[in-house]
Amino acid sequence: MKKQLLVLAIAAALLNGCGKKEEAAPVAVAPAAPVNTEAKVLNIYNWPDYIPEGMLAAFEKETGIKVNYDTFETNEVLQAKLVAGNTGYDIVVPGTTFVKQQIDAGFLQPLDKSKIANIGNIYPEIQKMLATADAGNKYLVPWAWSFTTVGINRTRAEKALGGMPMPENAWDLVFNPKYTSKLKSCGIAYLDSPTEIFPVALHYLGKNAYSKDLADYKAAGEMLAKVRKDVRFFSSTMIDDIASGKACVAVAWAGDVNIAAARAKENGSKDVIEALLPTTGALLFADTMAITKDAKHPLNAHAFIDFYLRPENAALMTNNMNYATGNKAATALLKPEIASNKSTIVEDAYLAKMIAPDSFTNEARGAMANGFNTFKQGK
Ligand code: N2P
């Protein structure tokens with residue numbers, strides 16, 4: 001490193017000497033920031049359908065850093081990669097429900113905020129929420145947030161209900177046999193992840209979505225077993241399934257349901273597709289960028305995080321992907337039809353009803369994993 005600095009200093013002095021002969025050469029030339037000698041590569045591991053087209057190309061063009069971008073579909077998959085180690089990824093995007101334990105386990109490294117000029121663009125409210133997993137906001141920068149809820153193709157679901165009125169509590173549509181027995185004809189889909197389904201099932205039963213009491217998971221499993229035969233399929237990438245009508249009701253992420261609604265329209269469908277706001281609340285989540293402990297390209301990773309935190313880039317994500325941004329400076333750049341969609345940009349009154357993010361204990365995660373297996377198999 002010293003040698004490189006010296007070479008740079010000499011080069012700078014030489015350039016100075018050539019171009020501006022009239023000026024005296026500086027006594028010492030010290031670069032303001034450490035020189036980035038990393039290979040021009042960045043490896044990112046993120047969720048599918050989460051990044052607007054062109055964003056990576058723009059970063060690559062500007063920086064000359066080639067981005068390898070892979071995707072994972074559930075927090076469980078990312079967790080397994082981190083536990084196995086040597087992921088090869090520089091940036092990962094865990095959900096807040098898993099990330100506290102990932103920090104505690106030493107899988108991630110603290111950010112160097114001096115390398116993230118745009119760090120101040122984040123909503124203080126979001127920082128506060130992230131601090132529940134990351135005390136002092138040392139490790140995480142928000143990618144996006146949204147909520148797990150009931151997505152519906154209202155047109156097809158109403159037909160399948162055959163005149164039966166919609167329930168007051170939207171969770172009945174996916175958890176109450178009175179409704180699921182009818183809706184199975186037009187297709188019920190569940191996210192394919194224990195830690196997406198059990199918390200909302202617990203909430204439906206009036207229990208803490210992040211319960212530490214293993215008996216609660218047993219009760220949720222028993223409740224789920226009653227609707228198992230009505231669930232058509234499990235998937236964490238169901239945008240096209242909702243858009244095409246393969247599923248008319250789903251336990252899904254609001255952002256994906258909104259993408260499905262837009263896609264159905266583009267495809268000429270007249271069906272009304274919506275992410276519902278259940279009266280009892282939905283499961284709020286945030287996904288966050290973090291740098292792995294053994295990242296080979298931490299400087300490139302910081303450069304990308306800073307790039308993403310530019311207001312125009314964060315706004316591009318929300319405008320294209322229908323997921324809310326944690327970037328306050330991006331708010332003014334949102335398209336009016338996005339900013340006014342209450343299931344993308346949630347109003348304060350509904351936010352207050354949401355199930356706030358929390359962390360799962362290892363025991364609870366184990367109970368959910370077992371319970372989910374039993375549930376899926378028990379057709
Ligand atoms: C977008 C990814 C949603 C992330 N399809 C849910 N945590």
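As the structure is a computational prediction, the values presented were derived from the model and not from experiment. All ligand and atom numbering here is 1-based and tracks the order in the structure.
Taking every non-hydrogen atom of D49 and a distance limit under 4.0 Å, the qualifying atoms of ligand 1 come out as 1 (C), 5 (N). Distances below 4.0 Å separate heavy atoms of D287 from the following atoms of ligand 1: 4 (C), 6 (C), 7 (N). Interface of D256 with ligand 1, defined as ligand atoms under 4.0 Å from a residue heavy atom, comprises 1 (C), 5 (N). Residue contact check: W47 has heavy atoms under 4.0 Å from atoms 2 (C), 4 (C), 6 (C), 7 (N) of ligand 1. Set against the non-hydrogen atoms of F285, the atoms of ligand 1 under 4.0 Å away are 6 (C), 7 (N).
Defined by atom type and a distance below 3.5 Å, a donor-acceptor pair is missing between the side-chain atoms of Y139 and T288. There is a side-chain donor-acceptor pair under 3.5 Å between E76 and T195. For the residue pair N258 and S343, a side-chain donor N or O sits within less than 3.5 Å of a side-chain acceptor on the partner.
Nearest protein neighbour of atom 1 (C) of ligand 1, counting heavy atoms only, is P48 O, 3.1 Å.
Smallest separation of non-hydrogen atoms from T237 and P48: CG2-CG, 3.8 Å.
Residues V257 and L276 form no side-chain contact, since every pair of their non-hydrogen atoms from C-beta on lies 4.5 Å or further apart.
Linking ILVMFWY residues whenever their side-chain heavy atoms come closer than 4.5 Å, directly or via other members, places V77 and F234 in the same cluster.
Residue-level proximity to ligand 1 for S146 is absent, since no heavy atom of it falls below 4.0 angstrom.
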